[in-house]
Amino acid sequence: MLRSRLLPLLLGAALALPLSLSAAEPAPVSWVHADRVPAEILALGDELVEIRRDLHRHPELGFETARTCGVIKAELEKRGIRADLERFPGAVIAVVEGSRPGATVALRADMDALAMPDLSGIEWKSTVPGRSHACGHDGHVAWLIGTLEVLEKRRDFPGRVVGIFQPAEEIGTGARRMIEAGVLDEFAPAEIYAGHATPEPPKGTIGVHAGPSQASCDFFRITLKGRGMHASMPQHALDPVPTAALLTSSLQTIVSRRVDPVEPAVVTVSAVKGGDLQAPNVIAETLEMAGTVRTFSPKVRDLVETEIRRMTEHVAAAQGLTAEVRFDRLTPPLINAAGPAAAARAAVERTLGSGASFDTPLLMAAEDFAEFLNRVPGSMVQVGLGDEKHRAQIHNPAFDFNDEVLPAAVWFFSELARSRLEVLSAARKVSE
C-alpha cells in the first residue's frame, strides 16, 4: 500500500527534475567579442548557429548542392532578401540594395563539402556517409546569410551588395564556372571579398595579407607503360615499378635544383597504382602516378610543368618504357590587391579591435576565389577559430567550425562592405 502511494509522488518528482545533460539541448554559445559586436547582431547568433549545424548534418559535394541552395534561398527570403537559384545552377545569388545609387561590392561564400568521413563525434555530425563539412564552408554560408541580413535591415549605404554562394570550390572549378556563366559581367562589382575559417589562429582574430597569399593548384597524372611478365623472369619484362621509384625521386629535384630557392614551390607525388596485391608474382604492364604542384609565380608554374614532362620522358626512356603525362591547371595563385587588403585590415581593427588583426602567412593550399581576384580587385581574409575544442585542422575528419565566431564575422563583413561602398561610390561620383 505504501509503495502504491509513493509511486505517483516519485514519478512526479522525476518528471519535475531537469533533463540530463545528454538529453538537453546543446549548451548556449558564448560569442567572441561580445563586448564589441552590436546587440542586434549578437541576437542573430542562435539562428545562424542553427543554419550552420543543419548544413553540417547534410553536406553536399561539387555542383550537386540542391538542398544547400534551397536552405540558403529560404533563409534569405525569410529575411526579406531577394535570392536567385536560376541564373547559375548549383549557386545562389542575393542582392541587397542600398538607399541611394553607387558602386557594387560582392561578398562570396563557398558551400560545398568534402568526400570524407565525419569523425567529429559532435551531435550535429554529418548524416551522409563519406561526406563532411571538414573545411568550414557551412560556417562561411552562415556568416554571409547573417551579413546580408544586417545590411538589409540597415540599408543606409550607397550602391548594392551582391552575395555569391558558390558551389564546387573543393574541386577547383566552381568560381571559374560562375565567371564563365557571366556573374561578374552581370553585376560588375568594383571589389570582391571572401573569408575562410582556419583553426590555427585564435578565435576572434582575422588575418589579412596583401599580395600573393595562397598558391596555385595543378594536378598531374603520369602513366608508365612497360612489358608485363612473370615476376620470376624480370629480365624479360620492362618493369614500371622501379621506374616509378626513380621518377618519384627525380621529380623532387625540380624544387631543390631547378626552381629559384627564393620562390616557394611544392611537387608532391601523392598516389601510385601498379600491379595487383592479390597477384604478387606478376610484373605489371602499366603503372599510374598522380600528384599536385603548388606555386605562386606563373614563371615557376610553367617551369615545373616543363620539367615534369621532360623528366618523365627521359627517366622512362632510360628504363626502356614509354610515358604519358597529363597536367591539369586548376586554380591560379590567390593574390590580394593592396587597397582592398588594407581596407579589410582597417575594418578588422575598427570592428574587433587592433589586437584582432594579424598578417596571414603564405599558404600552399589553393583556393578558387583566386579566379575572382584575377578579374576584380579584392581580398580574402582568414577567420581564426582556434580554442581548446577547435584544434583539428581543416580537411581532418575531426574538424568542426567554431560557432562562437559567427556574430563577430558578420559584424566585420557587414562593416567592410558598408565602408567600401561609401569610398567606392564617392570616387565614382567624382569621376563622373
Side-chain angles (χ1 to χ4, degrees), residues 29-49 52 79 96 98 102-103 105-109 136 139-163 190-198 201-210 213 336-360 377-387 401-426:
V29 179
S30 178
W31 314 119
V32 296
H33 293 299
D35 58 330
R36 299 188 66 96
V37 178
E40 59 268 25
I41 295 179
L42 292 176
L44 306 178
D46 289 338
E47 285 192 17
L48 297 180
V49 169
R52 203 284 296 181
R79 291 160 171 78
V96 176
V105 165
L107 301 176
R108 174 270 206 175
H140 303 172
V141 169
W143 74 42
L144 183 50
I145 290 173
T147 298
L148 296 174
E149 179 177 4
V150 169
L151 293 168
E152 175 65 25
K153 285 181 175 177
R154 188 162 67 89
R155 296 188 292 115
D156 58 344
F157 54 86
R160 62 181 178 175
V161 177
V162 177
E191 291 180 353
I192 187 168
Y193 295 89
H196 202 294
T198 177
K203 63 185 179 184
T205 62
I206 296 179
V208 187
H209 182 79
S213 298
N336 290 325
R345 183 182 300 278
V348 175
E349 296 177 354
R350 190 168 61 251
T351 56
L352 307 181
S354 58
S357 71
F358 66 93
D359 188 66
T360 306
S379 181
M380 167 164 272
V381 303
Q382 301 292 323
V383 178
L385 304 180
D387 62 18
F401 182 86
N402 189 343
D403 292 321
E404 295 180 12
V405 309
L406 283 172
V410 168
W411 176 222
F412 160 72
F413 281 111
S414 61
E415 285 304 299
L416 173 62
R418 193 186 303 276
S419 62
R420 293 311 295 161
L421 283 171
E422 293 287 356
V423 171
L424 293 167
S425 299

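- The shortest distance between side-chain heavy atoms of Tyr193 and Val105 falls below 4.5 Å.
- Side chains of Phe401 and Val383 form no contact here, defined as non-hydrogen atoms less than 4.5 Å apart.
- Remark: the backbone N or O of Glu349 is not paired with any side-chain donor or acceptor of Ser354 at under 3.5 angstrom.
- Of the possible polar contacts, one joining the Thr360 side chain to the Val208 backbone as a donor-acceptor pair under 3.5 Å is found.
- Looking only at distances, no side-chain donor or acceptor of Trp411 sits under 3.5 Å from a matching main-chain atom of Leu352.
- Arg154 meets the salt bridge (Lys or Arg N to Asp or Glu O under 4.0 Å) test with Asp156, Glu415; sequence neighbours excluded.
- Applying the side-chain hydrogen bond (donor to acceptor under 3.5 Å, both in side chains) test to residues at least two apart or on different chains, none of the pairs has a partner in residues 29-44.
- For the salt bridge (Lys or Arg N to Asp or Glu O under 4.0 Å) test, residues two or more places apart in sequence or in another chain that qualify with Arg420 are Glu191.
- Note that the CD1 atom of Ile41 and the CG atom of Leu406 stand 12.0 Å from one another [nearest 0.5 Å].
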Exercise for review: Take Val381 and Phe413, measure what side chain to side chain contact (heavy atoms under 4.5 Å, CB included) needs, and give me the verdict at the end.
Suggested key: CA-CA 10 Å; Val381 303; Phe413 281 111; 3.9 Å; yes
Point to revise | Val348 and Phe412: CA distance, side-chain angles, deciding distance, side chain to side chain contact (heavy atoms under 4.5 Å, CB included) verdict | key: CA-CA 6 Å; Val348 175; Phe412 160 72; 3.4 Å; yes
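- The backbone N or O of Ala194 lies less than 3.5 Å from no partner atom in the side chain of Arg108, so there is not a single donor-acceptor pair.
- Looking at heavy atoms from C-beta onward, Arg345 lies in side-chain contact with Asp359 at the 4.5 angstrom threshold.
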Exercise for review: Show your reasoning for whether salt bridge (charged side-chain N to carboxylate O under 4.0 Å, His left out) applies to Lys153 and Glu149.
Suggested key: CA-CA 6 Å; Lys153 285 181 175 177; Glu149 179 177 4; 3.1 Å; yes
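- Considering OG1 of Thr147 and CZ of Arg418, their distance stands at 10.5 Å, rounded to 0.5 Å.
- Remark: side-chain polar atoms of Ser419 are paired, donor with acceptor, to backbone N or O of Leu416 under 3.5 angstrom.
- His209 places no side-chain N or O within donor-acceptor distance of the main-chain N or O of Asn336, the cut-off being under 3.5 Å.
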